[in-house]
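Count residues from 1 along the sequence.
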Amino acid sequence: MPRFIQPWLLAFLALCVLAVGRAQAVEPIKITRDDVALNLTNAVEFYRNQGDTFQVSTAPGPDGIVRRIEVEALNERATGDWAVFALANTTDQQLDRLIVTPHFRLVGSGLVWPDLGSTRIAAITPSEGFTLDRQDSEDADVFLVTLNPGTVVTFVAELAASRVPQMYLWEPESYKDQVNSYTLYRGIVIGIAGLLALFLTILFVVKGTSLFPATAALAWAVLTYVSVDFGFLNRLIEIAPGSEQIWRAGTEVALATTLLVFLFTYLNLNRWHGHFSYGAVIWIFGLLLLAGVAVYDPAVASGIARLSLAATAATGVLLIAYLTFQGYDRAIMLIPSWLMVLVWLVGGWMTVTGMLNNDVVQPALGGGLVLIVLLIGFTVMQHALAGSGLHQGLFSDMERQALAVIGSGDIVWDWDVLRDRVVSRPDVAPLLGLPAGELQGPARNWLPVLHVDDRDIFRTTLDVVLEHRRGRVSQSFRLRGADGHYRWFTLKARPVIGSDGEIIRCVGTLTDVTEQKKSEERLLQDAVHDNLTGLPNRELFINRLDAIVALSKGEVSVRPTVFVIDIDDFGRVNDMLGISAGDTILLTIARRLYRLLKPGDALSRLSGDQFGLMLLSEQEPARIAAVAEAIRQAVRNPITFAKREIVLTPSIGLISWTSAQSSADDMVKDAELAMLQAKRFGGDRIEPFRPAFRSVGTDRPTLESDLRRAADRGELSLAYQPIVRLEDRTLAGFEALLRWEHPRRGTIPPSDFIPVAENCGLIAQLGLMAMTRAAEDLGDWQKQVRDVPLFVSVNVSSRQLLRRDLVSDVRSVIARANLQPRCFRLELTESLVMDSPEQSAHVLAKLKQLGIGLSIDDFGTGYSSLSYLTRFPFDTIKIDKSFIDDSSPKRGVLLKSIVGMAHDLGLSVVAEGVADEADATMLKDIGCEYVQSYLFGQPMTAEAVLKLLRENHPAASTART
């Protein structure tokens with residue numbers, strides 16, 4: 001390589017390295033005469049934190065040479081940020097263009113910490129020529145550029161802000177036309193907004209209700225926002241440079257505040273619920289504080305205001321939807337306007353996030369905001385202008401009617417719905433001892449003085465009238481006076497409807513009916529209380545006892561005891577001393593008995609000299625007995641009257657509640673039966689109730705009626721009598737016996753109710769119930785005590801045997817209980833089988849096919865013919881008790897013959913009614929397998945059977961555990 005080339009080459013390489021290290025050359029944008037507006041935003045290269053001096057490579061000129069320029073900051077507020085772009089004039093003419101960068105652009109400004117605008121470019125330095133001239137403009141940074149033919153000029157812009165949202169290159173005349181067109185549009189929008197705000201303000205002055213100032217405030221807020229956004233406010237007042245952000249943030253805060261106030265006021269949310277007012281006041285107060293924040297940090301204030309707008313819109317959607325379903329007309333009328341609010345907010349969100357990016361969207365949003373206020377204004381004016389003439393005419397007529405009402409002594413009650421103001425003439429507050437005008441105001445002011453039980457009814461009644469726009473108010477309620485006592489008032493009012501169908505007033509009369517209510521209460525007191533003693537009478541006593549009985553069925557700790565106390569020979573006292581003295585003595589006895597009561601107990605005067613006492617405070621039998629003795633002693637204590645000591649004695653009957661008790665009336669009647677029994681024994685005694693006190697001769701229809709309800713009441717149950725193997729005295733099985741514990745008659749034997757059940761058609765239901773319960777109990781025993789062979793026998797009546805469903809019922813019972821068929825047996829009597837031999841043979845054969853056992857009960861007491869033993873598939877016979885009790889010498893021969901015959905026929909034998917061990921030994925010796933009698937076990941409940949099985953088979957029970 002020649003020596004003279006080496007220095008130039010080294011210098012060239014050094015310049016290239018320096019250029020690459022400092023900045024890359026920009027790509028020029030070519031301009032023609034036809035280019036009216038070019039978007040330079042994406043062609044600009046930004047350099048951050050470069051200091052007050054900046055070096056950059058220029059775009060290659062026409063000769064292809066890349067040069068370097070160095071620019072010093074001209075602005076004292078230089079940020080150290082620079083922007084570089086290049087323009088190339090490809091024509092043969094000189095071109096004049098304007099570089100335009102708007103101070104504020106809504107598109108892409110951000111949601112939370114938005115860019116609220118400022119001066120973007122402090123100065124622009126070209127690579128050729130002189131510094132560009134800044135053109136006068138309040139809304140944008142505008143610089144005039146002159147490009148010579150065929151030149152390529154690189155421009156270095158000194159940035160006054162960190163962001164440049166947009167940069168355009170405009171042809172001057174086209175830019176002027178564009179500004180003029182937007183000026184016309186903005187002027188029209190601002191004019192409409194101003195007229196609307198002024199009109200709503202005038203409407204507020206005329207009408208004066210809270211709805212119109214809220215709407216007017218919203219209109220003024222929109223006008224201010226649009227004026228700032230369109231740059232119109234600068235022409236009205238002088239705005240200092242740099243304070244545009246404060247104004248813009250302030251208008252957004254005002255917009256958020258007034259929209260919230262309008263929503264709350266229009267929907268009238270403070271009518272009944274004060275907490276709505278508290279929430280709204282806190283929200284508004286927070287927005288007012290936000291206006292102060294805007295002075296120090298406009299971006300934060302603006303971001304919070306935008307979020308508040310979104311929250312207000314969402315809250316409005318929920319409230320309008322809820323109130324619309326409630327039929328509230330105002331909410332329904334606001335739906336179109338609120339839909340526009342939602343559309344506007346969605347559009348604004350898409351704009352500030354950059355999803356919508358064009359120059360039309362910002363002025364369009366301003367115009368849309370004015371359109372929303374215009375629609376809201378039309379909605380509000382319907383309330384302002386509709387029905388005014390009708391309202392005035394009707395109200396004047398009502399004033400004349402009110403004079404007549406006041407003359408009658410009633411109070412005129414007038415509720416101005418639009419203003420939510422209640423007025424009463426004369427004022428009802430002094431009547432209650434309250435300060436004058438205390439109840440003049442919003443309807444919710446009445447809620448604190450209303451009785452707590454009347455508030456919801458009062459509030460709901462007025463709401464229903466308003467929502468349905470018809471009907472009348474007729475309601476009695478209590479108002480609390482200053483002394484804490486309540487007075488009764490009756491309100492009768494009717495709504496006044498305007499021409500728009502809305503209620504504008506509700507007018508009526510308020511009458512003090514306290515004395516009338518007191519008279520009604522006295523009548524009610526006399527109706528259910530004794531005039532002499534003041535104690536509850538029989539009806540009220542039974543009513544209260546009925547409530548306690550109903551509670552006892554679900555609460556184990558509630559077990560009432562009823563005492564009926566009758567004074568012995570009290571008629572003699574009236575005859576000797578007179579009725580007046582008798583009343584005094586009864587009053588004394590009533591007071592003595594009342595002093596024995598504890599919380600929960602109740603005393604009543606059932607009749608002349610008869611008292612009833614309900615005891616809840618004591619549950620233990622010993623304590624109940626002590627209370628009964630205390631009652632007896634209270635009556636026996638001498639009573640001094642007219643210098644004479646009178647000693648009386650009581651007859652006391654008592655009954656404690658059990659699950660078998662059906663009603664309070666039955667308990668009182670049973671206690672009266674016990675009291676009558678005490679009188680029969682001579683009086684002066686305490687007699688607990690026993691079922692034997694009831695008459696046993698209840699007629700058959702009553703017994704049948706009681707039997708039909710017995711199963712539902714749980715009065716029917718099963719008792720199980722053990723059947724024991726004689727060989728080793730172990731349990732073989734049980735016979736299920738149906739039992740009926742009548743709540744008033746006590747235990748009713750099967751011999752009494754089984755015939756009734758057969759005659760009235762209940763026997764099939766009872767038989768199925770017995771089979772089902774016995775099978776379920778046996779299944780439960782077998783689960784609890786495994787590997788212990790057991791069977792259970794159930795008696796079958798004639799009507800069951802003749803029913804076609806018996807076989808399917810037995811099959812279903814065994815299957816549901818999951819039993820082996822051999823463990824389940826049916827017992828039939830001789831007479832039952834022989835009533836219809838052919839039908840019986842058919843049914844018994846089908847039952848035998850199921851695998852169950854069949855026993856013939858009461859063997860030897862019915863038919864002398866023994867042919868049925870071979871005709872019917874029995875596997876067991878039960879020797880009747882009469883054979884065991886036979887004392888003749890031939891008893892042993894007869895029993896031995898029966899047992900031998902049964903064995904020859906392949907039947908097992910069960911002996912019933914064995915009274916002593918000698919008989920048991922004798923039966924064992926002759927080969928009898930089983931025995932069933934009280935000697936080997938009393939009938940017991942299913943729970944007792946399970947306990948017995950666990951005691952007799954501990955190994956099996958342990959295995960189960």
Quiz item: Looking at side-chain heavy atoms only, is the closest gap between Trp415 and Arg505 below 4.5 Å?
Solution: no

Quiz item: Any donor-acceptor pair under 3.5 Å linking the side chain of Asn180 with the backbone of Lys176?
Solution: yes

Quiz item: Any side-chain donor paired with an acceptor under 3.5 Å for Glu252 and Ser302?
Solution: yes

Quiz item: Is Arg421 paired with Asp416 through a side-chain N to carboxylate O contact shorter than 4.0 Å?
Solution: no

Quiz prompt | Euclidean distance, Leu479 CG relative to Leu439 CG, rounded to 0.5 Å | solution = 7.0 Å

Quiz item: So does Asp141 pair up with Arg120, basic N to acidic O under 4.0 Å?
Solution: no

Self-check item: Residues that Arg163 engages under salt bridge (charged side-chain N to carboxylate O under 4.0 Å, His left out), provided they are two or more places apart
Solution: Asp115

Self-check item: Met350: which of Val107, Val361, Leu356, Asn357 passes side chain to side chain contact (heavy atoms under 4.5 Å, CB included)
Solution: Leu356

Exercise. Give the C-alpha distance, both sets of side-chain angles, the deciding distance and a yes or no for side-chain hydrogen bond (donor to acceptor under 3.5 Å, both in side chains) between Trp283 and Ser308.
Key: CA-CA 9 Å; Trp283 195 342; Ser308 177; 3.2 Å; yes

Quiz item: Do any N or O atoms from the side chain of Glu158 and from the backbone of Ala123 form a donor-acceptor pair under 3.5 angstrom?
Solution: no

Quiz item: Nearest heavy-atom pair of Leu345 and Ala310: which atoms, and what distance?
Solution: CD1-CA, 4.4 Å

Practice problem: Could you point out which residue of Ile304, Leu259, Val341, Thr257 forms a side chain to side chain contact (heavy atoms under 4.5 Å, CB included) with Leu309? | Solution: Leu259

Quiz item: Any side-chain heavy atom of Leu255 within less than 4.5 Å of one from Leu369?
Solution: yes

Quiz item: Looking only at side chains, do Ser137 and Asp139 share a donor and an acceptor under 3.5 Å apart?
Solution: no

Practice problem: Would you indicate whether Trp344, at its atom CH2, is surrounded by more than 12 heavy atoms from other residues, nucleotides or ligands within a distance under 6.0 Å? | Solution: yes

Quiz item: For Tyr225, which residues count as a ring-ring contact (aromatic ring centres under 6.0 Å, His included) partner, sequence neighbours excluded?
Solution: none

Quiz item: If you look at every heavy atom in Thr379 and Ser337, which pair is closest and at what distance?
Solution: OG1-OG, 3.8 Å

Quiz item: Is a side-chain donor or acceptor of Asp427 paired with a backbone partner of Ala436 at a separation under 3.5 angstrom?
Solution: no

Quiz item: Could you state the interatomic distance from CH2 (Trp170) to CG (Leu38), rounded to the nearest 0.5 Å?
Solution: 10.0 Å

Self-check item: salt_bridge(Arg97, Glu171) N-O dist < 4.0 Å
Solution: no

Exercise. Would you indicate whether the side-chain heavy atoms of Val507 and Trp413 approach each other to under 4.5 Å?
Key: no

Quiz prompt | Nearest-0.5 Å distance, CG of residue Leu263 to CD1 of residue Ile320 | solution = 6.0 Å

Quiz prompt | Distance (rounded to the nearest 0.5 Å) between Asp414 CG and Leu510 CG | solution = 12.5 Å

Practice problem: Evaluate the side-chain proximity of Gln362 to Thr351: yes if any heavy-atom separation is below 4.5 Å, no if none is. | Solution: no

Quiz item: Do side-chain atoms of Arg48 reach the backbone of Ser162 as a donor and acceptor pair under 3.5 angstrom?
Solution: yes

Self-check item: Phe143 and Ile121: CA distance, side-chain angles, deciding distance, side-chain contact (heavy atoms from CB on, under 4.5 Å) verdict
Solution: CA-CA 10 Å; Phe143 295 89; Ile121 299 177; 3.7 Å; yes

Self-check item: Side-chain touch Phe262/Leu334, heavy atoms, less than 4.5 angstrom
Solution: yes

Practice problem: With side-chain contact (heavy atoms from CB on, under 4.5 Å) as the test, would you mind laying out the steps for Trp446 and Val428 before giving the verdict? | Solution: CA-CA 11 Å; Trp446 287 60; Val428 72; 4.0 Å; yes

Quiz prompt | Steps toward side-chain contact (heavy atoms from CB on, under 4.5 Å) verdict (Leu287, Leu260) | solution = CA-CA 10 Å; Leu287 290 174; Leu260 175 62; 4.3 Å; yes

Practice problem: Could you give me the CA-CA distance, side-chain angles and deciding distance for Met340 and Leu371, then say whether side-chain contact (heavy atoms from CB on, under 4.5 Å) is met? | Solution: CA-CA 9 Å; Met340 289 191 63; Leu371 184 61; 3.5 Å; yes

Quiz prompt | Nearest heavy-atom neighbours spanning Asn39 and Met167 | solution = OD1-O, 3.3 Å

Quiz item: Rounded to the nearest 0.5 Å, how far apart are CZ of Arg480 and CG of Leu434?
Solution: 8.5 Å

Quiz item: Does a side-chain heavy-atom distance below 4.5 Å link Leu375 with Ile372?
Solution: no

Quiz prompt | Heavy-atom closest contact (Tyr185 atom, Ala364 atom, distance) | solution = OH-CA, 3.9 Å

Practice problem: Please report the closest heavy-atom contact between Ala301 and Leu290, naming both atoms and the distance. | Solution: O-CD2, 3.5 Å

Quiz prompt | Minimum heavy-atom distance between Pro448 and Asn445, given as atom pair plus value | solution = CD-O, 3.3 Å

Quiz item: Rounded to the nearest 0.5 Å, how far apart are CD of Gln166 and OG1 of Thr101?
Solution: 8.5 Å

Quiz item: So do the side chains of Val145 and Phe155 get within less than 4.5 Å of each other, counting heavy atoms only?
Solution: yes

Quiz item: Does Ile190 reach the side chain of Leu223, with side-chain heavy atoms less than 4.5 Å apart?
Solution: yes

